[in-house]
Amino acid sequence: MITQVTKGIKISVQTSFEGTFFKNYKMHYAFGYTICIENQSQDAVQLTSRHWKIFDSLNDMETLDGEGVIGKKPVIQPGESHTYNSGCLLTSPIGAMKGHYNMSNFKTTEKFRVYIPTFKFSAPFTLN
């Protein structure tokens, strides 16, 4: 498990290889990830948006931005956490993701970034 703390918000990431399949006459590699966002600060925070950089060893880096996570903009109280599962399709068996969440502090109204550490994808049959 990969973890990182920014301004009292702890991000933990666990990855998994889900399998391979053909799409548009190309082999694709499916990876899953579970992210736990734990509020270790003294104030309630809300996750408002996300920014991802996806690295595929056979393609250019892809950047994605979006509202919330999995259709939600969770409010996380001090001492509580929000966990969700998502996935990523790559055209190679090796890749990685990193990024940040844009958050708002309810007490101070401060908007800030919480960094998501780089987490790697690797199919079990690859050597790296």
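Below, all heavy atoms of this structure are taken into account, side chains as well, without hydrogens, waters or symmetry copies.
Under the 4.5 Å side-chain criterion, counting only non-hydrogen atoms from C-beta, Lys7 is not in contact with Met103. The shortest side-chain heavy-atom distance between Ser49 and Asp65 does not fall under the 4.5 Å cut-off. Residues Phe112 and Ile9 are in side-chain contact: their nearest non-hydrogen atoms beyond the backbone lie under 4.5 Å apart. Using a 4.5 Å heavy-atom threshold, the side chains of Asn59 and Ile54 count as separate.
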Go through the steps for His82 and Val69 under the test side-chain contact (heavy atoms from CB on, under 4.5 Å), then give the verdict.
CA-CA 10 Å; His82 178 78; Val69 289; 4.1 Å; yes
Criterion side-chain contact (heavy atoms from CB on, under 4.5 Å) on Phe22 and His28, from CA distance to verdict:
CA-CA 6 Å; Phe22 278 96; His28 284 76; over 6 Å; no
Test Thr63 against His51 for side-chain contact (heavy atoms from CB on, under 4.5 Å), laying out the working first.
CA-CA 7 Å; Thr63 302; His51 174 84; 3.2 Å; yes
Determine, step by step, whether Asn102 and Thr48 satisfy the side-chain hydrogen bond (donor to acceptor under 3.5 Å, both in side chains) criterion, reporting the C-alpha distance in whole Å, the side-chain angles of both residues, the deciding distance to 0.1 Å, and the verdict.
CA-CA 6 Å; Asn102 291 309; Thr48 57; 5.5 Å; no
Check against side-chain hydrogen bond (donor to acceptor under 3.5 Å, both in side chains), Glu18 and Ser16
CA-CA 6 Å; Glu18 302 296 326; Ser16 61; 2.5 Å; yes
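Put simply, Phe125 and Leu90 are part of the same group of oily side chains (I, L, V, M, F, W, Y) that touch within less than 4.5 Å, one to the next. In the hydrophobic clustering of ILVMFWY residues, with side-chain heavy atoms under 4.5 Å counting as a link, Phe17 and Phe55 come out apart. Residue Ile35 is grouped with residue Leu64 when hydrophobic side chains (ILVMFWY) are merged at heavy-atom distances under 4.5 angstrom, including chains of intermediate members. Cluster annotation: Tyr84 is not connected to Tyr115 through the hydrophobic network of ILVMFWY side chains, with a link wherever side-chain heavy atoms come within less than 4.5 Å. Connection of Ile70 to Ile76 is established within a shared hydrophobic cluster, with ILVMFWY side chains joined at heavy-atom distances below 4.5 Å, either directly or through further cluster members.
For the pair Thr83 and Cys36, the tightest heavy-atom approach, listed with the atom from each and the gap, is OG1-SG, 3.5 Å. In terms of heavy-atom proximity, Thr108 sits nearest to Asn105 at N-OD1, 3.0 Å. What you find for Lys73 and Gly68 is that their closest heavy atoms are CG-CA, 4.0 Å. Considering all non-hydrogen atoms of both residues, Thr3 and Pro117 come closest at C-CG, 4.1 Å. Contact record, Ile2 with Thr118: CG2-O, 3.9 Å, taken as the closest heavy-atom pair. Nearest heavy-atom pair, Phe21 versus Ala30, reported as atom, atom and distance to 0.1 Å: CE2-CB, 4.3 Å.
One finds the CG atom of Asn39 at 9.0 Å from the CD atom of Gln42 (value rounded to the nearest 0.5 Å). Leu58 CG to Met27 CE: the interatomic distance, rounded to the nearest 0.5 Å, is 12.0 Å. Interatomic distance, NZ of Lys111 versus CD of Gln46, reported as 9.0 Å (0.5 Å rounding). Going from atom CD of Gln14 over to atom OG1 of Thr34 covers 7.0 Å, rounded to the nearest 0.5 Å. With rounding to the nearest 0.5 angstrom, the CE atom of Met97 is 12.0 Å from the CG atom of Asp56. The distance from the CD atom of Gln40 to the NZ atom of Lys10 is 5.5 Å, given to the nearest 0.5 Å.
Ring pair Tyr101/Trp52 is perpendicular by interplanar angle, where above 60° counts as perpendicular and below 30° as parallel. Aromatic ring orientation, Tyr33 versus Phe119: tilted (interplanar angle from 30° to 60°).
Side-chain N or O atoms of Arg50 include none that pairs as donor or acceptor with a backbone N or O of His100 at under 3.5 Å.
Around atom CG of Asp60, no more than 12 heavy atoms belonging to other residues, nucleotides or ligands sit under 6.0 Å away.
Between Phe121 and Tyr29, the ring center distance fails the sub-6.0 Å criterion.
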